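One structure is given here, and the rest of the page talks about it.
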Amino acid sequence: MDIGALLTSAGINVAICVVLLSLYSILRKQPSNVSVYFMRRLISEQIKPDHFGIERLVPSASWIVRAWQATNEDILAAGGVDALVFLRIVVFSIRIFIIAAMICVFLVLPVNYYGQEMEHKKIHAESLEVFTIGNVKEGSKWFWTHCLALYVISSSACVLLYFEYKSITKMRLAHITGSPVNPSHFTVLVRGIPWSRDHSYSKTVENFFSTYYPASYVSHQMVYRASRVDKLMKDAEKMYRVLKSIESQRKDSYMPCCLCGGTTHSFKALNIEAESVKSKTSGDGLQPSQREKLEKKDVEKMYKKLKTLELQNKESSMPCCLCSGILRSFKVLKNEAESIEHKAISDGLQPSQTDKERPAAFVFFRTRYDAVVAAQVLLSSNPMLWVTQLAPEPNDVYWSNLSIPYKQVWLRKIATLLGAIVFMFVFLLPVTFVQGLTQLDQLRQTFPFLRGLLKHKFMNQLVTGYLPSVILMLFMYAVPPTMMLFSTIEGVVSRSERKRSACIKVLYFTIWNVFFVNVLSGSIIRQLNVFSSVRDIPTQLAKAVPTQATFFTTYVLTSGWASLSCEVIQLFPFFCNWFKRFILRKQEEPCSSTALTFPHHTEIPRLLLFGLLGFTCSIMAPLILPFLLVYFFLAFLVYRNQILNVYVPKYESGGLFWPIVHNTTIFSLVLTQVIALGVFGIKRSPVASGFTIPLIFLTLLFNEYCRQRFSPVFKRSPAQVLKEKDRQDENLGRAEEIYKLLQTAYCQFPLLSPDLTISQGPSTSQELSMPGNSGQNKDHESSKDPESPNPDFQEISLLS
């Protein structure tokens, strides 16, 4: 590939970025798209619609200015610690690659270009290979520049990593100490509860912890097998959405505009339910009697459905094995008062039958310290029984996996590991095809009918410079959903843990297929035989990396620049919103259950992959560094904008993604040093090779220090911090408040989310929730937003 092909790829991607970013700056000003581009602010703030004007149709850079001016406190308030940690990854990448670009572009690149005595062409006609270390002749005395650059980059990366690790560790401790009372700090998840013929699982848990933790044990909440009740809860919430949509579907009789999305009443925020009812009677196009008929009709349908389920339940009920009576797990109650009374008598809505209990429970303790001690010690001589861990946050619980017996978890992990490995090797086929496109001579021999087409210069540059990276990027879109499915099957008990597991799998997959398979490209048999001898790995990598640096540069352009443009414009949510509003004519109320969470499992692996490419190609092919810097600067602005406006944080891990980033960065540094060692050996530079070997050991030593110094804080909570928090609660008299919070924190079967209410009249509203329970239970993302809506709305203009 020559410079012309690279510039062709760069020009195409720059044009795509400019078009998409300009289109985004227009689309975000339209009221019809407010639920796509301002979902987080729409939930917690009032969006003030602006009158239609020419400003809505003119691109502007106001969103870039606002994203740049946002402080760390703004990011922390909008997205939490995880969002701030993610942006620290971007900031770290910008800092280290500014240093790498300065030393490699001004020192290493001239050495590579003039490494051999040859007649150079014009710059645009030069092959990209003359800018790589492969152009330096063997035994050259100028290899000391590459060794010096390697030392500067490695030492700078280690220093920056240390300060980032230290800062994020303090941030995590501040999150633990400064956060409000969190039920997960007092709760332990117990799995592998032994089965007993004499007692139910619930009684077994109570007897065990009352015996061995009498002073600290408070109560427990069993996990139940999801059944007809769970489906009923979901149907009831869907019914609620239908009832709520009646209030907002027909605010007026006009058709929504395809540009502005409706009239001036489309985004009017009402502070109280009474005002909502009053406004609806005058602005929805329906008479009160018609509206009541519609609501009564939907409610009657729902009631008939409930009655049908009750009759089916009676017909299919099995006689109890103890009293020969009928087991009724569900009964339709006429009103909420009767429901509360009935629950007080028999707890009818909670599946209390023994056959529905699962061998898992949430156990509540009086203090944080007691919970941590119970979670970290071995409770039984059989490690497969009474397995404990600190419980995830209520919004973070993945309820469907709690029913999985603990003895199956290790089998599931092995199965998913094998499935991921098979998927990685199956993916060799498209990667090998992509690499075939970069080899022009091989492409002409394989497809003779393309010879005439490839004679045209532009088509030649398009096929070799742009098309391979586009095809690989399209195939890579199938990887995150597949790895998320594997992580779900694995049996993790929290959504954040599932996302971290998927993040690691996607990271391994991308490093293997994008880097190693492309570097060691050829036939599949050759790719497998490359690793037949471990001693040959540095030599093979040293030969292959400089030749594939041009493909990595185009991959950064395609998968980096273009993907950020697609991220900011939110193509899939945009088309879904357009289809609902203008085809189905639906206008749904914004709620946190439909909001998107930040896709850490896709974005962190992409950042770390580009970091790996930057480190390995820094001294081999420095031309990649300017393109990487542009990507990271654009990512800094785009992700800040998305965190402030789009993504809703539904749970918090406290920065647990950073150890993944640290370990991957150390791996990238060591891999870069090993490849450099192989290159220096091939180029017969014993001095550079001798100085590189100590650098590898120093990097590994630094990693071990960080592992001992910072890593334990991310695995366990410090007892000193927990004791201080417990003393503060005791001095402030929060014990009773905490116990009440624990009673309603982990509820598996809520009827509706706590923030969902149905209008009953001008001044009354009835909250639909299961008596005695609150919390979340959804197999999709939880519907409870930790950021409660602010009653004192702040009006935000779409044009600002």
Side-chain angles (χ1 to χ4, degrees), residues 1-3 6 93-118 120-121 123 126-160 515 519 538 541-554 556 610-632 665 668-696 699:
M1 183 188 295
D2 56 16
I3 292 292
L6 179 62
S93 302
I94 292 175
R95 289 174 176 174
I96 185 60
F97 287 116
I98 284 179
I99 298 173
M102 290 177 62
I103 189 171
C104 291
V105 171
F106 294 105
L107 180 62
V108 176
L109 189 61
V111 174
N112 292 344
Y113 187 72
Y114 296 104
Q116 291 187 6
E117 297 179 358
M118 57 181 296
H120 290 281
K121 306 176 184 177
I123 292 295
E126 286 280 16
S127 173
L128 291 179
E129 279 71 19
V130 302
F131 297 96
T132 67
I133 198 173
N135 192 53
V136 183
K137 64 181 179 180
E138 296 183 2
S140 174
K141 62 180 181 180
W142 291 100
F143 279 111
W144 67 267
T145 58
H146 299 81
C147 186
L148 176 63
L150 186 62
Y151 262 87
V152 172
I153 294 172
S154 299
S155 58
S156 301
C158 290
V159 171
L160 292 175
F515 182 77
V519 164
L541 292 175
K543 293 179 180 179
V545 169
T547 60
Q548 291 299 323
T550 55
F551 170 77
F552 293 147
T553 304
T554 60
V556 169
F610 289 154
L612 173 68
L613 298 180
F615 282 121
T616 53
C617 297
S618 56
I619 65 172
M620 308 293 169
L623 274 183
I624 196 176
L625 296 177
F627 299 103
L628 269 179
L629 275 177
V630 173
Y631 166 77
F632 285 120
T665 305
S668 302
L669 288 174
V670 173
L671 180 63
T672 302
Q673 295 158 6
V674 169
I675 294 175
L677 180 64
V679 170
F680 294 150
I682 293 175
K683 294 294 184 177
R684 298 179 183 178
S685 178
V687 176
S689 300
F691 277 99
T692 304
I693 294 176
L695 185 60
I696 298 176
T699 305

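Every heavy atom of this structure was used, including side-chain atoms; hydrogens, water molecules and symmetry mates were not. Since the model is a prediction, treat every value here as computed from it, not as a measurement.
The shortest distance between side-chain heavy atoms of I133 and M620 falls below 4.5 Å. At least one side-chain heavy atom of H146 sits less than 4.5 Å from a side-chain heavy atom of N112. In this structure, T665 and F615 have side chains that are in contact, with non-hydrogen atoms separated by less than 4.5 Å. When side chains are defined from C-beta on, L150 does not count as touching F691, because their heavy atoms never get closer than 4.5 Å.
Sorted by first then second residue, the salt bridge (charged side-chain N to carboxylate O under 4.0 Å, His left out) pairs that include residues 676-686, not counting sequence neighbours, are E138-R684.
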Hey, mind stepping through T616 and F552 against side-chain contact (heavy atoms from CB on, under 4.5 Å) and telling me if it holds? CA-CA 11 Å; T616 53; F552 293 147; 5.7 Å; no

Could you check Y113 against N135 for side-chain contact (heavy atoms from CB on, under 4.5 Å), going step by step and ending with a plain yes or no? CA-CA 7 Å; Y113 187 72; N135 192 53; 5.5 Å; no

From CA spacing to verdict: side-chain contact (heavy atoms from CB on, under 4.5 Å), L109, C104: CA-CA 6 Å; L109 189 61; C104 291; over 6 Å; no

Derivation and outcome, side-chain contact (heavy atoms from CB on, under 4.5 Å), residues C158 and L669: CA-CA 9 Å; C158 290; L669 288 174; 4.3 Å; yes

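Residues passing the side chain to side chain donor-acceptor pair (under 3.5 Å) test with T145, sequence neighbours excluded: none. With sequence neighbours excluded, the residues forming a side chain to side chain donor-acceptor pair (under 3.5 Å) with S154 are Q673, listed by chain and number.
S156 places no side-chain N or O within 3.5 Å of a backbone atom of I153 that could act as its donor or acceptor partner.
Taking CG of L612 as the start and OG1 of T672 as the end, the distance is 6.5 Å to the nearest 0.5 Å. Rounding to the nearest 0.5 angstrom, the gap separating the CD1 atom in I624 from the CG atom in L629 is 11.0 Å. With values rounded to the nearest 0.5 angstrom, S618 atom OG is found 12.0 Å from I99 atom CD1. Distance check: L625 CG to I98 CD1 gives 11.5 Å after rounding to the nearest 0.5 Å. Rounded to the nearest 0.5 Å, atoms OG (S685) and CG (L677) are 10.5 Å apart. With rounding to the nearest 0.5 angstrom, the CG atom of L628 is 11.5 Å from the CG atom of L623.
For Y151, the OH atom sits in a packed shell: over 12 heavy atoms of surrounding residues, nucleotides or ligands are nearer than 6.0 Å.
Using cut-offs of 30° and 60° for the angle between ring planes, the F143 and F680 rings count as perpendicular. Taking the six-membered ring where the residue is Trp, F610 and Y631 present perpendicular rings, their angle passing 60° and hence far from 30°.
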